[in-house]
There are 2 protein chains.
Amino acid sequence: MSTRPTSDALTQAQDQFVAVWGQMGSAWGISRTMAEVHALLYITGEPLCTDDIMERLEISRGNASMSLRALLEWGIVSRTHKRGDRKEYFQAEQHVWTLFRAIVRERIKREVDPLMASLYEIRDITQPHQRADARPSFAPPAAIADHNRRLDEMIDFFRTLETLSQGFVSPSGRGLEIAASVLSGSVTGPRAAEPARPGEGESL
Amino acid sequence: MSTRPTSDALTQAQDQFVAVWGQMGSAWGISRTMAEVHALLYITGEPLCTDDIMERLEISRGNASMSLRALLEWGIVSRTHKRGDRKEYFQAEQHVWTLFRAIVRERIKREVDPLMASLYEIRDITQPHQRADARPSFAPPAAIADHNRRLDEMIDFFRTLETLSQGFVSPSGRGLEIAASVLSGSVTGPRAAEPARPGEGESL
DNA sequence: CTATGTTTTCAGAAGAGATTGAAAGAAAAA
DNA sequence: TTTTTCTTTCAATCTCTTCTGAAAACATAG
């Protein structure tokens with residue numbers, strides 16, 4: 001029927017990869033189509049134009065356009081041109097680790113950073129304007145103290161995570177050693193958060 | 001109006017934490033309510049029953065029940081009882097790193113493992129039944145060879161990621177050293193996948 | 001300038017996922 | 001046993017996200 005044989009081994013493998021990658025994407029908060037477009041560009045390895053993508057994935061022009069723009073914003077797909085052709089072509093980052101780094105970097109920027117900001121704001125509600133030198137005159141009530149400890153632990157965790165991620169994100173391998181040392185420091189010993197812990201953590 | 005003052009600092013901080021955590025959850029493929037229930041249990045730190053949660057989050061009984069069951073399945077919330085009370089109470093894992101490990105472990109199990117299985121299947125389409133001793137008589141066409149290389153790189157990446165994660169997941173700090181060494185081996189040199197090296201998994 | 005080819009936008013349609021609420025199920029007390 | 005209390009289930013409903021398609025915007029050539 002179609003001009004392109006749809007059942008050769010390569011095409012079949014590509015289609016399956018696209019489906020699987022799309023599935024994965026949607027489990028991680030990325031729209032299925034966007035993940036599929038990326039999968040197609042990655043697995044074919046060659047630059048494709050909007051019409052190629054529309055045809056292959058059977059999606060509308062609008063959808064293709066928006067997905068591509070989003071992928072460009074994530075920095076994991078780039079534009080190219082073919083000479084004598086007015087169309088834009090798109091190709092995906094081919095190094096998996098570079099791809100991974102770009103994704104981690106973006107998600108941190110978009111989700112973790114704002115989260116941190118919110119957490120600091122929340123901390124200010126019960127620990128207002130706490131400067132290092134200014135000791136509070138009265139100890140806070142136990143409920144507040146507990147709350148503060150939990151919140152601080154959470155903040156501490158995300159700070160560590162952010163530091164850690166710099167190991168992945170940095171283009172040189174350098175940051176990795178930092179990350180590794182942070183890991184051994186922080187993960188190994190979940191630390192003195194609980195003095196005499198009643199032992200609820202292990203079995204969970 | 002209500003018996004509980006809704007505007008004291010602690011309550012306000014808790015509500016805000018719940019909102020922020022719910023937001024974060026939904027960006028990561030977890031239903032907002034489920035994340036909110038978890039947030040509430042984490043930040044209050046004390047066991048709550050279904051009715052407490054329904055009231056505080058203004059959700060239906062069915063929703064509360066389902067969210068709690070899901071959280072139990074994730075292993076980040078546990079059941080408790082109060083003596084003289086027939087109701088079930090729930091409390092959240094209080095160690096942030098333990099919580100993190102549980103989440104990573106579950107997501108790997110639910111998403112990465114099936115993905116890996118699919119990737120292996122896809123590989124079999126273009127590299128069928130490739131046994132170590134049986135060399136193919138003819139080299140595959142370039143398009144297939146390229147495809148295979150890309151797919152192998154992806155598989156290699158997820159294998160590394162899985163190994164890495166064992167460092168986080170293992171309750172002892174031991175696995176961490178492994179993770180760190182994998183990191184320095186694989187991340188630092190992402191390029192090694194291209195040239196002409198047949199054995200793809202040295203340390204794995 | 002107009003004509004032609006290409007990309008973006010966005011209101012409405014379609015679809016996916018979350019939530020409710022009432023009924024059924026379970027378990028402990030009487 | 002029956003009653004009471006609490007928990008789970010699931011079809012119907014609602015909500016939010018994604019997708020479409022046609023129009024508008026843009027760009028290049030002539």
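These numbers come from the heavy atoms of this one structure, side chains and all, not from hydrogens, waters or symmetry mates. Below, chains carry the letters A, B, ... as their sequence lines are ordered, and counting in each starts from 1.
As a whole-Å value, the separation of B/Glu58 CD from C/dG21 P is 12 Å. For the pair B/Arg79 CZ and D/dT7 C1', the computed distance is 9 Å after rounding to whole Å. Atom pair B/Glu88:CD and C/dA28:P shows a separation of 10 Å (rounding to whole Å applied). Rounded to whole angstrom, the span from the CG atom of A/Asp85 across to the C1' atom of C/dT6 amounts to 10 Å. Atom CD in B/Gln23 sits about 15 Å away from atom P in C/dA18, given to the nearest Å. Rounded to whole angstrom, the span from the CZ atom of B/Arg32 across to the C1' atom of C/dA16 amounts to 16 Å. To the nearest angstrom, C1' of D/dT9 lies 15 Å from CG of B/Leu68.
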Protein and nucleotides 24-27 of chain D: nitrogen or oxygen contacts under 3.5 angstrom:
{"unit_1": "D/dA27", "atom_1": "N3", "unit_2": "A/Arg86", "atom_2": "NH2", "d": "3.3"}

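A parallel orientation is assigned to the rings of A/Phe17 and A/Trp21, their planes being inclined by less than 30° (bins at 30° and 60°).
Listed by chain and residue number, A/Arg69 satisfy the salt bridge (charged side-chain N to carboxylate O under 4.0 Å, His left out) test with A/Glu73 (two or more places apart in sequence, or in another chain).
The pair B/Glu153-B/Arg150 fails the salt-bridge criterion, with no side-chain N (NZ, NE, NH1 or NH2) lying under 4.0 Å from an Asp/Glu carboxylate O.
The residue A/Ser31 sits close only to the backbone: its heavy atoms come under 4.0 Å of sugar-phosphate atoms, none of a base. Using a 4.0 Å heavy-atom distance criterion, B/Arg61 is classed as a base contact.
Candidate nucleotides C/dG21, D/dC19, D/dT7 were compared by shortest atom distance to the side chain of B/Ser60, and C/dG21 ranks first.
In the model, A/Gln14 has a side-chain atom that pairs as donor or acceptor with a side-chain atom of A/Arg56 under 3.5 Å. With hydrogens and angles left out, the side-chain atoms of B/Asn63 and B/Ser60 include no donor and acceptor closer than 3.5 Å.
Taking each heavy atom of B/Leu10 and A/Ala143 in turn, the nearest pair found is CD2-CB, 4.0 Å. The nearest pair of heavy atoms linking B/Phe90 to B/Thr80 is N-OG1, 4.2 Å.
Remark on DNA chain D: of its neighbouring residues B/Asp51 and B/Met66, the 5'-side contact belongs to B/Asp51, judged by nearest-heavy-atom nucleotide. When the nearest nucleotides of DNA chain C are assigned to A/Lys87 and A/Asn63 by heavy-atom distance, the more 5′-ward of the two goes with A/Lys87. Remark on DNA chain D: of its neighbouring residues A/Ile59 and B/Tyr89, the 5'-side contact belongs to B/Tyr89, judged by nearest-heavy-atom nucleotide.
In this structure, B/Ser65 does not reach the D/dT7 phosphate: none of its side-chain N or O atoms is under 4.0 Å from OP1 or OP2. Look at B/Thr50 and you won't find any side-chain N or O under 4.0 angstrom from OP1 or OP2 of D/dC6.
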